[in-house]
Amino acid sequence: MPNAEKGNVVMRFAPNPNGPPTLGSMRGIVVNSEYARMYDGKFILRFDDTDPRTKRPLLEAYDWYLEDCKWLDANPDTVVYASKRMDMYYGYARKLIEMGYAYVCKCTREEFKAYRDSGIPCPHRDGNKEKSMEDWERMLGGFYREGEAVLRIKTDMSHKDPAVRDWVAFRIIFSDHPLVGDRYVVYPTLDFESAIEDHVLGVTHILRGKDLADSEKRQRYVYRYFGWEYPVVKLWGRIKIHEFGKLSTSDIGKKIERGVYSGWDDPALPTVMAFRRRGFEPEALKKFFLSLGVGENDVSVSLKNLYAENRKIIDGKAGRYFFIWNPVKIVIEGLKEVEIVKLPLHPSTDMGTRKLRGESVVYITSDDYETFIGKEVRLKGFCNIRLEESGRAVYAGNQVEAKRGRNIIHWLPESQTMQCTVFTPEGVIDGLVEENVKDAVNRVVQFERYAFCRIEEIDDAVRAVYTHP
RNA sequence: GCUCCGGUGGUGUAGCCCGGCCAAUCAUACGGGACUCUCGAUCCCGUGACCCGGGUUCAAAUCCCGGCCGGAGCACCA
C-alpha cells in the first residue's frame, strides 16, 4: 500500500446497518482489518447510518456487525455511529457556508438536474452567505418541508463529470431514526458524512468498492476547502459468487417475509450469519477474501475455493459419522452373531472410536442399494453382504477383500438411529444418523460419503446444517 | 448518451508503476496414477492464459495509440 508506514495506518469499514452483514461486508471487514493489522495500524468500524428513510438502518443490525467483526477476528479499535455525531457535521457545514463553499439550494430535483446537465449554476448558488446561513438555520429548525431545500457543496458546474457538480451534502428527512429518534430533520449524505469522518478519525487509507469511485472526486472539494489531505484510496471491483444470484439486502428481507427463506441465517443466503451457522471457520473466510486481492476488475468466483480453504482447516478435526439419506431397510440373512463394531472417529487423527451394533437389520441409502443390487458390498467396518431383491441381503463373510474399491458403503443398525434433518442451501434433506453424534453438538462433523455438516441441535431428532462437500 | 475504470489458463490471483532473470507465480477446478475399510484427505504426474491490431525498443504481459469486450457512476441511496 502506498504511503503506509508501520504504526501509522488507520483504516475503516463503513457499512450502513440496514441489514445483516453479507459476504460483501465480509470482504470489507476482512480486507480493511487485515491491512490495518499488517501495518500495526488501527481499524475502525463506522456506521454510516444517515438515511432513516431509503436505507433505513435496522436496530438489531448494529450488533450483528459487531458480532461478526469479532467472529472474523477483526474486532474494531473504535466504533463510530454517524447518526450520533450530527452536531459535528452541522458545525462543518456552517464553516463551509461561512467560507462561501456551500449554499442552500431550493431548486426541485428536476430543476437542479436541468442546471446540472447543462452546466449552468442555479439561482441560489451565488446568493450571499448570510442568506444561506439563515436558510440553513431554518432547515435545521424544521421550517422547510422535505425536498424544499438542500445544502449543496460548491464544486464546478462545468466539471466534465456531471456527478460531481454541486452535490448535495444535507437534505431534510422527516422520519425518525432507529438510533436517535426524531431529534434531527436534516441529515448529511454519505459523501459529506464520510468525508468529514475520514478526516476527523484520521483515516489514512480507504479500501472500498469501485461503486464509490465518484465519492472521492466529490469529497476532494471539501478536503481542499478545509486544507485537509485526502486518504489513499484503493478500489475493488464487484464480486459475484457463482452459487448466489444477485440478491440485494432488501430483496432478501422480502423473501424472508414471504417464507422463501427461513431467516437471515438460511443456509442458502450469503450472509455472515448463514456461514457461521453452517460452521465455517473464520480463518477460511479470511483466506478466501484475501485471495481475491484488491484489484479493480470484477471478480466472479466459485464457492468451491472457499470450500477448499475450509476443508483444509476442518478435515483433520471433524469426527466421522454415518448419515443415511433415503434410507432403505435391509435384512441380512445368515448373519451369525450380533457384534459390536468399532469405527474410528477419524481415519488419521487419533480421536478415539465410536461403536455401532452389528445387527441383522440395517439401513443403507437407496442410492447404494440401487447401484449395488445383485452385487457384493462391504458395510464399512462391519461385514460383507450380497444385496438381493426386496430389501434382503445375504451375509458374505468378514474378510476385507473389497478394499480396492468403490463398494464400501456406510450403514446404520436399526436400533441405533435417530431422525436427522439436514438444512442445505438447496433445501431440506431428511434421513437417519447414528446416535453417536450426540457427542458432537455444535461441532462440524463429516457425514461420510455425503458432506461436512454442523450439528446444530439434538432433541428427539437431530438438526444439522450443511457446510460443504 | 456522458464520465471513469478494467481485460493474464475453466475460475481467482502474482507479475505491469521501475521493459529483459516470464517458453509467466500460486490456489482452485479438471484429467491420470498411488494410497486409503468414505465419493473425504494425502502423495505424484498432466492439461491449460498474457483480448485484438498497430507503434516505440536490441528486447513488451509490462510503455504508447486505436479497436473490441466487460464493469461502475451520472440520486435530496449507501
Side-chain angles (χ1 to χ4, degrees), chain A residues 2 14-18 47-51 53-57 82 105 107-109 112-113 116-117 146-152 159-165 167-173 186-191 193-194 208-218 235 237-240 242 249-250 287-288 290-309 311-312 314-316 318 320-322 343-344 346-349 367-368 378-384 399-410 446-452 468-469:
Chain A
N16 176 16
N18 62 337
F47 292 108
D48 284 350
D49 56 348
T50 57
D51 183 355
R53 164 87 36 85
T54 318
K55 291 271 171 88
R56 183 165 232 278
C105 168
C107 295
T108 64
R109 272 170 219 251
F112 190 83
K113 186 171 167 26
R116 184 186 57 213
D117 290 348
E146 283 188 26
E148 283 182 349
V150 295
L151 187 76
R152 287 186 186 281
H159 190 107
K160 62 182 176 176
D161 184 350
V164 325
R165 295 175 191 164
W167 49 276
V168 173
F170 287 87
R171 75 292 209 208
I172 299 165
I173 302 175
V186 174
Y187 288 88
T189 56
L190 170 79
D191 281 325
E193 175 267 321
S194 171
R208 63 181 164 200
K210 69 180 180 185
D211 47 318
L212 262 21
D214 285 343
S215 267
E216 178 176 348
K217 285 189 274 181
R218 287 192 280 251
L235 304 172
R238 269 189 119 50
I239 176 171
K240 198 167 78 192
H242 297 330
T249 303
S250 48
K287 285 194 172 144
F288 174 70
L290 261 13
S291 80
L292 298 182
V294 283
E296 248 182 85
N297 37 3
D298 300 333
V299 301
S300 177
V301 67
S302 166
L303 240 26
K304 284 181 181 171
N305 293 283
L306 172 61
Y307 294 166
E309 263 343 310
R311 202 177 289 125
K312 281 178 201 160
I314 63 173
D315 184 70
R320 266 58 173 173
Y321 296 95
F322 290 158
L343 287 150
H346 192 281
S348 51
T349 307
D367 291 358
D368 284 334
R378 174 159 184 85
L379 302 181
K380 189 176 175 187
F382 179 20
C383 66
N384 305 326
Q399 268 56 39
V400 188
E401 62 207 8
K403 239 179 132 155
R404 287 234 141 230
R406 334 325 31 201
N407 51 347
I408 295 168
I409 65 172
H410 63 297
Q446 188 196 58
F447 286 159
E448 284 194 34
R449 304 207 304 142
Y450 180 66
F452 289 96
H468 58 71

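Protein chains get the first letters and strands the later ones, always in sequence-line order, with residue 1 at the start of each.
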Of the candidates A78(B), U11(B), C74(B), the side chain of V301(A) sits closest to U11(B)
Distance check needed: C17(B) C1' versus E296(A) CD, whole Å only.
14 Å
N-O pairing of K210(A) and D298(A) below 4.0 Å
yes
Have a look at G381(A) and say if it touches a base, only the backbone sugar-phosphate, or nothing, with a 4.0 Å heavy-atom cut-off.
base
Test your reading of the model: is there a side-chain donor-acceptor pair from R171(A) to the backbone of Y187(A), 3.5 Å cut-off?
yes
When you measure from the side chain of T50(A), which nucleotide among A78(B), G71(B), G12(B) comes out closest?
A78(B)
For T50(A) and P188(A) the tightest heavy-atom approach is OG1-O, 3.0 Å
Using whole Å, report how far CG of L306(A) lies from P of G12(B).
16 Å
Counting side-chain heavy atoms from CB outward, which of C37(B), U38(B), A41(B) is closest to P347(A)?
U38(B)
C77(B), U13(B), A41(B): which one has an atom nearest the side-chain heavy atoms of R311(A)?
A41(B)
Closest approach to the side chain of R116(A), judged atom by atom: which nucleotide of A72(B), C39(B), C76(B) is it?
C76(B)
What's the closest nucleotide to the T54(A) side chain, out of A29(B), C77(B), U38(B)?
C77(B)
Please give, in whole Å, the distance from U3(B) P to D211(A) CG?
21 Å
If we call it a pair only when both distances are under 3.5 Å in a Watson-Crick or G-U wobble match, what pairs with G73(B)?
C2(B)
Of H346(A), H410(A), E448(A), which is the lone residue that meets side chain to side chain donor-acceptor pair (under 3.5 Å) with R320(A)?
H346(A)
Looking at the side chain of D214(A), which of G73(B), C77(B), G40(B) is the nearest nucleotide?
G73(B)
Within the structure shown, what part of the strands sits under 4.0 Å from C107(A) by heavy-atom distance: base, sugar-phosphate, or nothing?
base
Given C5(B), G40(B), C77(B), identify the nucleotide with an atom nearest to the side chain of K55(A).
C77(B)
Identify the nucleotide, in any strand shown, that forms a Watson-Crick or G-U wobble pair with U62(B), with both distances under 3.5 Å; if there is none, say none.
none
Establish whether the base of U38(B) is bridged to the side chain of Q446(A) by a donor-acceptor pair shorter than 3.5 Å.
yes
Using atom CD of E309(A) as one end and atom C1' of A41(B) as the other, report the distance to the nearest whole Å.
15 Å
With a 3.5 Å limit on both atom pairs, tell me what G46(B) is paired to, counting Watson-Crick and G-U wobble, or say none.
C30(B)
Donor on one side chain, acceptor on other, N18(A) and R56(A), under 3.5 Å:
no
Assign each of E148(A) and Y450(A) the nucleotide of RNA chain B bearing its closest heavy atom; nearer the 5' end lies the nucleotide of Y450(A)
Which nucleotide in the list C39(B), C74(B), C77(B) gets nearest to the side chain of D368(A)?
C39(B)
Interatomic distance where CG belongs to D298(A) and C1' belongs to G71(B) [whole Å]:
4 Å
Identify, between N297(A) and V294(A), the residue whose nearest nucleotide on RNA chain B lies closer to the 5' end.
N297(A)
Atom NZ of K312(A) and atom P of U42(B) are separated, to the nearest Å, by 8 Å
Send over the distance from L379(A) CG to C37(B) P, rounded to a whole Å.
16 Å
Can you tell me if R311(A) uses its side chain to pair, donor with acceptor, with the backbone of P469(A) under 3.5 Å?
yes
Taking the minimum atom-to-atom distance to the side chain of K304(A), which one of U38(B), A78(B), A29(B) wins?
A29(B)
